[in-house]
Amino acid sequence: MIRIGVLGAGGRMGQAIISEVQATPDSWLAGGVERPGHPMCGSVIGDGLVMCANAAPVAHKADVLIDFTTPEALDEHLRAAQDGKAAIVIGTTGLEARHHAAIDAAARTIPVLQTANTSLGVTLLAALVEQATRALDSGWDVEISELHHRHKVDAPSGTALFLGEAAARGRGAPLETLRLPPYETNPGARRPGGIGFASLRGGTAAGDHRVLLAGDGERIELTHIAEGRDIFAKGAVKAARWLAGRKPGRYRMADIFGLG
């Protein structure tokens, strides 16, 4: 039995993860955590568990934590995981260099899997993108477009940047070096070898991502369409079950498939 604690348990993603944990054999919900003052704090979330506002007690009962919250909460959650000797899956997006440094430090003592997207399909898509850009020369232009629901705040999405990083690895250079500025702010010819992004927002789209590789006289399109939020919950629980009991270190979703 693998004991899983859910951080950000009151949000849409947190609720989907709780449902997936409860539906997965040999998995047990160790607890749920929300920020202080959240309307769901104190509510019963199953098997007599009460959603609390402190990650530490849940970390001490869990084999692994799943964190879909905010970058601001990451330090506290990493401390709780280390104190409770729990592994942690981090699906929070919008992380900066200082957050990754904190993750690196925590990974010296506990297993940590950090990803911008827990979808198993997106994980394989990123591997295909990296393989394609490694095989094709810089004469093939790379454009990444994404569509999300009207409430999505960050743009490009964390998944689009995740795919951009895969493309950049294939080209052997950091994304910050290859990323193109928005075309409306940088008129003129497209810089060869660069990686462009386009973001669309509208409706209730769970997340559509397309990687276009455009060469002279031909194009390749690699696409992933999320039909619902449950795919991310399924991937997060699969990642948590895989991570529990691993040696300390930093892991990726690709490691689950042996692609790391």
Side-chain angles (χ1 to χ4, degrees), residues 1-24 26-96 98-100 102-107 109-118 151 153-154 158 229-246 248 250-251 253:
M1 183 71 69
I2 296 177
R3 302 167 299 171
I4 300 174
V6 181
L7 310 180
R12 289 178 295 176
M13 193 67 218
Q15 290 291 291
I17 292 171
I18 287 174
S19 295
E20 184 64 23
V21 171
Q22 293 172 329
T24 302
D26 296 325
S27 296
W28 180 71
L29 183 64
V33 181
E34 257 303 345
R35 67 182 185 277
H38 191 280
M40 289 194 68
C41 282
S43 62
V44 177
I45 56 175
D47 297 327
L49 293 171
V50 175
M51 192 178 300
C52 63
N54 187 345
V58 175
H60 279 270
K61 293 193 299 180
D63 298 308
V64 57
L65 302 173
I66 300 178
D67 184 4
F68 277 82
T69 56
T70 64
E72 293 75 23
L74 180 63
D75 287 341
E76 176 190 345
H77 294 163
L78 288 173
R79 285 194 297 269
Q82 289 176 280
D83 187 55
K85 296 180 174 56
I88 184 169
V89 173
I90 301 169
T92 302
T93 58
L95 302 182
E96 299 176 356
R98 62 186 177 88
H99 300 117
H100 287 286
I103 292 171
D104 289 339
T109 59
I110 59 171
V112 182
L113 189 154
Q114 182 271 322
T115 182
N117 192 301
T118 55
H151 302 294
V153 176
D154 53 323
R229 193 174 301 275
D230 60 321
I231 66 168
F232 308 117
K234 288 180 183 296
V237 172
K238 185 178 180 69
R241 289 176 56 81
W242 180 89
L243 189 64
R246 297 273 170 183
R250 184 161 180 170
Y251 299 90
M253 285 294 292

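FYI, the numbering just counts along the sequence from 1.
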Just verifying a value: how many Å separate [X] [atom1] and [Y] [atom2], rounded to the nearest 0.5 Å?
X	Y	atom1	atom2	answer
F68	L7	CZ	CG	11.0 Å
T118	I90	OG1	CD1	13.0 Å
I4	I66	CD1	CD1	5.0 Å

Which pair of heavy atoms, one from [X] and one from [Y], lies closest together, and at what distance?
X	Y	result
A239	V89	C-CG2, 4.1 Å
V21	L29	CG1-N, 3.8 Å
L78	A106	CD2-CB, 3.9 Å
V58	G5	CG1-CA, 3.8 Å
W28	K61	CZ3-O, 4.5 Å
L49	G31	CD1-N, 3.9 Å

Residue list, side chain to side chain contact (heavy atoms under 4.5 Å, CB included) with [X], at least two apart or on another chain:
X	result
A73	T69, T70, H77
A62	A30, L65
P71	T92, L95, H99

Which donor-acceptor pairs under 3.5 Å do the side chains of residues 11-19 make with protein atoms, sequence neighbours left out?
| residue | atom | partner | partner atom | Å |
| --- | --- | --- | --- | --- |
| Q15 | NE2 | A9 | O | 2.6 |
| S19 | OG | Q15 | O | 3.2 |

Test side-chain hydrogen bond (donor to acceptor under 3.5 Å, both in side chains) applied to [X] - qualifying residues, sequence neighbours left out:
X	value
H100	R250
N54	none
S27	R241

Partner residues of [X] under the salt bridge (charged side-chain N to carboxylate O under 4.0 Å, His left out) criterion, sequence neighbours left out:
X	answer
K238	none
R3	D63
R98	E96

Is it the case that the side chain of E34 and the backbone of G10 share a donor-acceptor pair, with hydrogens and angles ignored and the cut-off at 3.5 Å? yes
With the side chain counted from C-beta on, respond yes when C52 and V33 share a heavy-atom pair under 4.5 Å apart, and no when they do not.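 Yes - at least one pair of side-chain heavy atoms lies under 4.5 Å apart.
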Is any side-chain heavy atom of M253 closer than 4.5 Å to a side-chain heavy atom of N117?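 No, too far: nothing below the 4.5 Å cut-off.
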Residue pairs, two or more places apart or on separate chains, that pass salt bridge (charged side-chain N to carboxylate O under 4.0 Å, His left out) and touch residues 70-92: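 Listed by first then second residue: nothing to list.
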Side-chain donor-acceptor pairs under 3.5 Å in residues 36-45, sequence neighbours left out?
| residue | atom | partner | partner atom | Å |
| --- | --- | --- | --- | --- |
| H38 | ND1 | M40 | N | 3.0 |
| S43 | OG | M40 | O | 2.5 |

